[in-house]
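Note sheet for the following structure.
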Amino acid sequence: MPALADPLIAWYADAARDLPWRRPGFGAWGTLVSEFMLQQTPVARVIPHLEAWLMRWPTPTDLAAAAPADAVRQWANLGYPRRALWLHRAAVEIRDRHDGVVPRDVDALLALTGIGDYTARAVAVFAYGDRHPVVDTNTRRVLARAVDGRAQPGAPGKRDLAAMAAQLPADDAAAAVVNAAAMELGALVCTARSPRCEDCPLAGRCTWRAAGYPDTGDARRKQARYEGSDRQARGAVLKRLREDTAHALPQDAVLPDWPDARQRDRAIDSLVADGLVEAEDGLLRLPR
DNA sequence: CAAGCGTGGAC
DNA sequence: TGTCCAAGCTT
């Protein structure tokens, strides 16, 4: 049995949060939607949106029948609205290529729009119970500290999957728990800013702790400033279009008072290039 | 592969 | 206040 598996399993049995996607019978579609929403958006903000989404579109086929615009509006302020578009495309692909059933095979999941290494394996493991390494930012941090003796993870790579695979027990169900437990530990205890090592089930075998918490540097990219950025302009344009009850606006009616008109126009162009906005006859609207 | 991509809460 | 951070993905 790998070194971290038993303490992680024991800790998780007691400390795991009661989250909607962990309820028995939540379903592969619910799991898939939750994972899309959780890509870079905190758990607490996701939960209400997830429940509303699944109420409106209980199956991939239901979402596939909707207009992309409805998905983007329903996404509301979750951020990174391309995910709404990608989730809609994935639903169409599931309807057309998989008879409306969320695939179980990792390669089939990876072939869906908006699904990468993390999400594909999260669905295969948490929805279907198969045995794969699931590696998110929390897991990467836990492994960096406990195994590698580093304060922060290095650049993400395929090595991360191998590192987690080495920690998985042979049994499918136990492996799924270890995957979930590593993520949960990173979210609740082995946190980025102030880790609570006194509460950590791995403290006794943590390489970083044993070394005296050295500052090993931080390979992570710094996040660009948001205030005044193109991203902010894109967000403002899309918010205006989401909230437009007529569902189509003349281009010169969108953010006429934005401080930087060139930036606003650049934002609109890039949203059109991304397929988040359609421009036709001088009107802007969400994609139909 | 490094950069670009939203939004809001915590400190 | 500004900075950091959050179950990543695509190009």
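Proteins get letters first, then strands, A, B, ... in listed order; numbering begins at 1 in each.
Heavy-atom nearest nucleotides on DNA chain C were determined for A:Ile115 and for A:Pro42, and the one closer to the 5' end corresponds to A:Pro42. Comparing A:Leu78 and A:Ala155 by the nucleotide of DNA chain B whose heavy atom lies nearest to each, the residue mapping closer to the 5' end is A:Ala155. Between A:Pro156 and A:Gly235, the residue whose closest nucleotide on DNA chain B is further toward the 5' end is A:Pro156. Residues A:Arg45 and A:Arg221 each lie close to DNA chain C; by heavy-atom proximity, the contact nearer the 5' end of the strand is made by A:Arg45.
A donor N or O paired with an acceptor N or O is not found under 3.5 Å between the base of C:dC5 and the side-chain atoms of A:Arg193. For A:Arg231 against B:dG4, no side-chain N or O and base N or O form a donor-acceptor pair under 3.5 Å. For B:dG6, its base sits under 3.5 Å from the side chain of A:Thr41 at one donor and acceptor pair at least.
Of all nucleotides listed (C:dA6, C:dG8, B:dG4), C:dG8 comes nearest to the side chain of A:Gln40. When the nucleotides C:dC4, C:dG8, C:dA7 are ranked by their closest atom to the side chain of A:Ala187, C:dA7 comes out on top. In this structure, of B:dG4, C:dA7, C:dC5, it is C:dC5 that holds the atom nearest to the side chain of A:Ala192. Residue A:Arg225 places its side chain closer to C:dT3 than to any other of C:dT3, C:dG8, B:dC5.
Defined by atom type and a distance below 3.5 Å, a donor-acceptor pair is missing between the side-chain atoms of A:Arg104 and A:His98. Between A:Gln74 and A:Arg56, the side chains place a donor N or O and an acceptor N or O closer than 3.5 Å (distance only, hydrogens not considered). In summary, the side chains of A:Arg83 and A:Thr41 do present a donor paired with an acceptor at a separation below 3.5 Å, with no hydrogens or angles considered.
When all heavy atoms of A:Cys206 and A:Ala146 are compared, the closest pair comes out as SG-CA, 3.8 Å.
Nucleic acid contact class of A:Ala122 (heavy atoms, under 4.0 Å, all strands): none. A:Arg121 comes within 4.0 angstrom of no nucleic acid atom, judged by non-hydrogen atoms across all strands. Within 4.0 Å (heavy atoms only), A:Trp75 reaches no atom of the nucleic acid at all. Within 4.0 Å (heavy atoms only), A:Leu271 reaches no atom of the nucleic acid at all. In this structure, A:Leu238 reaches neither bases nor backbone, as no heavy-atom distance under 4.0 Å exists between it and the strands shown. Using a 4.0 Å heavy-atom cutoff across all strands shown, A:Arg220 reaches sugar-phosphate atoms only and no base atom. Residue-level contact check: A:Asp117 touches the backbone only, with heavy atoms under 4.0 Å from sugar-phosphate atoms and none from bases. Looking at heavy-atom distances under 4.0 Å, A:Pro81 makes contact with sugar-phosphate atoms alone, never a base.
The distance from atom CD of A:Gln223 to atom C1' of B:dG9 is 13 Å, rounded to the nearest whole Å. Residue A:Tyr118 contributes atom OH, which lies 12 Å from atom C1' of C:dA6 at whole-angstrom precision. With rounding to whole Å, A:Leu87 atom CG is found 16 Å from C:dG8 atom P. Between the OH atom of A:Tyr80 and the P atom of C:dC5 there is a distance of 14 Å, rounded to whole Å. Here B:dG6 presents its P atom at 15 Å from CD of A:Glu227, a figure rounded to the nearest Å. Atom-to-atom, CG of A:Leu38 to C1' of C:dC9 comes out at 14 Å; the value is rounded to the nearest Å. Going from atom CZ of A:Arg83 over to atom P of B:dG6 covers 10 Å, rounded to whole Å. To the nearest angstrom, C1' of C:dT10 lies 12 Å from CZ of A:Phe36.
The existence of a salt bridge linking A:Arg288 and A:Glu280 is confirmed by a sub-4.0 Å separation between a basic side-chain nitrogen and an acidic carboxylate oxygen. Of the charged side-chain nitrogens involved, none lies within less than 4.0 Å of a carboxylate oxygen, so that A:Asp18 and A:Arg23 do not count as a salt-bridged pair.
As rounded to the nearest Å, C:dA7 and B:dA2 have P atoms that lie 23 Å from one another. Taking atom P on both B:dA3 and C:dC4, the two are 16 Å apart, rounded to the nearest angstrom. Comparing the same atom, P, in B:dG6 and in C:dT11 gives a spacing of 14 Å after rounding to whole Å.
For the pair A:Thr119 and C:dC9, the criterion of a side-chain N or O lying under 4.0 Å from OP1 or OP2 is met. At the phosphate of B:dG8, OP1 or OP2 sits under 4.0 Å from a side-chain N or O atom of A:Asn77.
Looking only at distances, a side-chain donor or acceptor of A:Arg141 sits under 3.5 Å from a matching main-chain atom of A:Gly186.
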